[in-house]
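Remember, it's 1-based here, ligands and their atoms both numbered in the order they're listed.
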Amino acid sequence: MRPESLMMSYGYVPEWSEGAIKPPVFQTSTFVFRSAEEGKEFFAWAYGLKERDPGTPMGLIYSRLNNPDLEILETRLNLWDEAEESAVFSSGMAAISTSLLALVPIGHAVVFSRPIYGGTDLLLETILPERGIVTREFKAGTEPTEVEKICRELKEAGTPCKVILIETPANPTMKLSDIEGLAEVAHRYDALLAVDNTFLGPLFQQPLKHGADLVLYSATKYLGGHSDLVAGVALGSCELVCQVKLYRTILGTMLDPHSAWLLLRSLETAKLRITCSCKNATQIASWLAKHPKVAKVHFPGLLTDERQQEIYDHQCTGPGGMLAFELADAGEKEAFQFLNAVKLIKLAVSLGGTESLVEHPATMTHADVPPDEQEAIGITPALIRLSVGIEHPDDIINCLDYALDQVGAEAEVTTSEK
Ligand SMILES: *Cc1c(COP(=O)(O)O)cnc(C)c1O
């Protein structure tokens, strides 16, 4: 069966909970052992002192190690990406940082694409280097042969690359990177390819099928989908994810049962929501592209570059619900006139929710990237990022139309009428 058919019940047995059709929130810190012998056995498995038979489920011990809501959620998340194993975290950043700490030893390197999510950027620019991990960047969309040169240099310098981390499409420029090509490079250098798949989500891109080793999500975005929770996921082989899970247990970066329960509910409508956002975004991108005040639209469904199109055709099955656009002959002032005039669409960071959101990457999500670097990676003062929701597309377009009308208008625009 297909994932959307399994999201309502897979991995849960009503007999566990008095016949309840839905799993309850297992709001508990600890679990009662049936006997001392059982407690001893569970701990021996948990600490790797004893092999567990492949068919035997891990016993429940304590909610930092495992919890039924987290386990049911992980079982269902595996289906979308066809992963062997997954781990859920208290945020997307918890998934990314815990995974990198678990997989990259001191004196080794992480090679990453830029632009990348702001929190990940800070982790790679500052926090990991302070802890003795080397980091090197390349521009999103760089050919794998060029990335291979960086891996070669790192190897020669005695700080071999352990993980190549990419975000594709990149945030906010929507530049695509070649997953299969980069996976081959990583594997030639005994490294892993990790893909942050938050932007397209599992419906339109399944990096494991293209050779990636680890897939990361901010489940705060499309998987959660209602802008009401913060969570993260890492997926991959049993071997890799179990290594990450040990770090999760010790760092304490696991998800809480209530958020896991909310995510289970979200997953039932994931396909409906994501498909609707994508359909709306496709219509809106074409409308924006024709608008005289819009200079350029960045959307995977409207590519102009042949190589980018080739990558898209190979690894994506839909353009998603995220786009960015550049106002014509404009700077920050005009961008702000636009942002202050939206009504239905909300002015907020984050993405992937049921409601449409706009934001200004140069001064908001990517404010920590120095101006000259912003320009080099395509984050201009006139660039606006739009996360398309599931409202009626005509209402979103009317909102955009009104806000675009306000660009260049001399009268002061206020936010009071929101
Ligand atoms: C939001 C986001 C993150 C961080 O996720 P949190 O859940 O906010 O910690 C990481 N990567 C991408 C692409 C994101 O959009």
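- Not counting sequence neighbours, Glu71 has no partner by the salt bridge (Lys or Arg N to Asp or Glu O under 4.0 Å) test.
- With sequence neighbours left out, the ring pair (Phe, Tyr, Trp, His ring centres under 6.0 Å) criterion links Phe336 to His360.
- A salt bridge does not link Lys293 to Glu334: none of the charged nitrogens lies less than 4.0 Å from a carboxylate oxygen.
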In a simple table, one pair per line, please give the protein and ligand 1 atom names for every N or O pair closer than 3.5 Å, along with the distance.
residue  : atom   : partner : partner atom : Å
ligand 1 : 5 (O)  : Ser218  : OG           : 3.0
ligand 1 : 7 (O)  : Gly92   : N            : 2.8
ligand 1 : 7 (O)  : Ser218  : OG           : 2.8
ligand 1 : 7 (O)  : Thr220  : OG1          : 2.6
ligand 1 : 9 (O)  : Gly92   : N            : 3.0
ligand 1 : 9 (O)  : Met93   : N            : 2.8
ligand 1 : 11 (N) : Asp196  : OD2          : 2.7
ligand 1 : 15 (O) : Lys221  : NZ           : 2.7

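- Taking the side-chain contact (heavy atoms from CB on, under 4.5 Å) definition, one finds that Cys151 meets it with Cys161, Ile164, Val185, Tyr189, sequence neighbours left out.
- No side-chain heavy atom of Glu310 sits under 4.5 Å from any side-chain heavy atom of His314.
- The backbone N or O of Asp81 lies less than 3.5 Å from no partner atom in the side chain of Lys209, so there is not a single donor-acceptor pair.
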